[in-house]
Amino acid sequence: TVKDIPADVTPERLVEIFMAAIKEKNYDLYLDCIDPARRENPIQQSLVAYHWDLHQERFHGEYIHAFVNPEKTVVKVLQGYDDSSIDNFFLDDEEQAKIKEAYGEKEEEAVVQTYSIDKNGKQIGSPVNHTLRRVGNGRWYITAYENRF
């Protein structure tokens, strides 16, 4: 069982925690995985609860287990300075610092692929992509919580 989400959680691990929260019927942990911007008002909170019920039904009736495929995870920088870009290889630290300041706060998106299996050990449907987002050096959050596994 998982009790809380570490601040340095990876996108793959967050999706695993999200699945565990659903399977173990831990609604508070489920909510903590979802981007706070996706659960601000009563309509959004109602949608989160609706999809909680759908996930419960699927995990306890349609499929037995879901897996994360770590080889298919893609992380890209949407905005801000990309430290990993090959374009920055020849820049010294001072130049990188100036560019980083000019670009502003970094926003990243990760796409984590999952697949599920039924009670006979067969994969159900095609693999599914789950979108996560992180701002600055903050924690990853799931932005597309509606997707099945």
Side-chain angles (χ1 to χ4, degrees), residues 1-88 91 93 95-117 123-149:
T1 58
V2 179
K3 301 289 185 204
D4 58 357
I5 301 169
D8 62 344
V9 68
T10 64
E12 297 89 354
R13 182 65 184 137
L14 183 60
V15 173
E16 289 171 350
I17 291 170
F18 185 66
M19 288 188 287
I22 294 166
K23 286 193 271 186
E24 296 172 3
K25 299 180 181 180
N26 186 341
Y27 189 71
D28 293 331
L29 186 60
Y30 166 82
L31 285 178
D32 198 26
C33 292
I34 298 171
D35 187 356
R38 295 291 317 267
R39 50 189 169 92
E40 290 176 340
N41 62 47
I43 293 172
Q44 290 174 323
Q45 292 169 4
S46 176
L47 281 172
V48 168
Y50 169 75
H51 286 287
W52 165 260
D53 290 339
L54 282 178
H55 285 308
Q56 289 298 312
E57 182 181 322
R58 291 174 186 147
F59 259 108
H60 300 289
E62 187 177 323
Y63 38 79
I64 301 300
H65 194 62
F67 298 94
V68 170
N69 187 352
E71 292 91 33
K72 296 289 184 173
T73 299
V74 176
V75 178
K76 64 181 176 180
V77 176
L78 299 177
Q79 165 180 322
Y81 180 71
D82 185 1
D83 303 18
S84 62
S85 175
I86 192 69
D87 297 336
N88 307 324
L91 300 176
D93 292 340
E95 291 171 325
Q96 286 188 23
K98 285 180 184 177
I99 294 172
K100 191 180 281 190
E101 185 179 328
Y103 274 40
E105 190 169 40
K106 183 162 69 168
E107 187 174 329
E108 297 172 282
E109 180 181 81
V111 177
V112 178
Q113 189 179 81
T114 63
Y115 62 96
S116 56
I117 58 170
Q123 182 176 328
I124 300 173
S126 300
V128 178
N129 292 329
H130 302 272
T131 307
L132 294 83
R133 193 159 284 184
R134 172 169 73 171
V135 176
N137 290 325
R139 181 169 79 71
W140 288 99
Y141 286 98
I142 295 174
T143 57
Y145 61 86
E146 308 91 345
N147 299 352
R148 60 190 315 126
F149 294 97

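A 4.5 Å side-chain heavy-atom check between Y141 and P36 finds at least one atom pair inside the cut-off. Using a 4.5 Å cut-off on side-chain heavy atoms (C-beta onward), L29 and I17 make contact.
Here E12 pairs with nothing under the salt bridge (Lys or Arg N to Asp or Glu O under 4.0 Å) rule; sequence neighbours left out. Applying the side chain to side chain donor-acceptor pair (under 3.5 Å) criterion to N26, with sequence neighbours excluded, gives no partner residue.
Between R13 and E16 a salt bridge is recorded (basic side-chain N to carboxylate O distance below 4.0 Å).
Annotation: the span from L31 atom CG to F18 atom CZ amounts to 9.5 Å, rounded to 0.5 Å. Rounding to the nearest 0.5 Å gives a distance of 12.0 Å between CG of N147 and CG of L54. One distance of note links NZ of K106 with CZ of R134; it measures 6.5 Å at 0.5 Å rounding. L132 CG to I34 CD1: the interatomic distance, rounded to the nearest 0.5 Å, is 11.0 Å. Atom CH2 of W140 sits about 10.0 Å away from atom CG of L14, to the nearest 0.5 Å. Taking OG1 of T114 as the start and NZ of K72 as the end, the distance is 13.0 Å to the nearest 0.5 Å.
The only option from T131, V74, V77 that meets the side chain to side chain contact (heavy atoms under 4.5 Å, CB included) definition with E109 turns out to be T131.
Heavy atoms from other residues, nucleotides or ligands lying under 6.0 Å from CG of D53 number more than 12. The number of heavy atoms from other shown groups lying within 6.0 Å of CG (N137) does not exceed 12. At most 12 non-hydrogen atoms from other residues, nucleotides or ligands lie less than 6.0 angstrom from OH of Y50.
In terms of heavy-atom proximity, A37 sits nearest to Q44 at O-NE2, 3.3 Å. For A66 against M19, the heavy-atom pair with the smallest separation is CB-SD, 3.3 Å. Minimum interatomic distance between Q56 and I22 (heavy atoms only, all atoms of both residues): NE2-O, 2.7 Å. Counting all heavy atoms, side chain and backbone alike, E108 lies closest to V75 at OE2-CG1, 4.0 Å. Looking at every heavy atom in both residues, V48 comes nearest to R39 through CG2-CB, 4.1 Å.
E105 places no side-chain N or O within 3.5 Å of a backbone atom of G80 that could act as its donor or acceptor partner. Looking at Y145, its side chain never comes within 3.5 Å of a backbone N or O of Y30 through a donor-acceptor pair. Using modelled atom types, no side-chain atom of E101 and backbone atom of K98 make a donor-acceptor pair closer than 3.5 Å. No donor-acceptor pair closer than 3.5 Å links the side chain of R133 to the backbone N or O of D35. Panel note: side chain E146, backbone R148; no donor-acceptor pair is recorded below 3.5 Å.
Ring geometry, H51 versus H55: the interplanar angle falls from 30° to 60°, so the pair is classed tilted.
The six-membered or imidazole ring of F149 lies away from that of H65, with a centre-to-centre distance of 6.0 Å or more.
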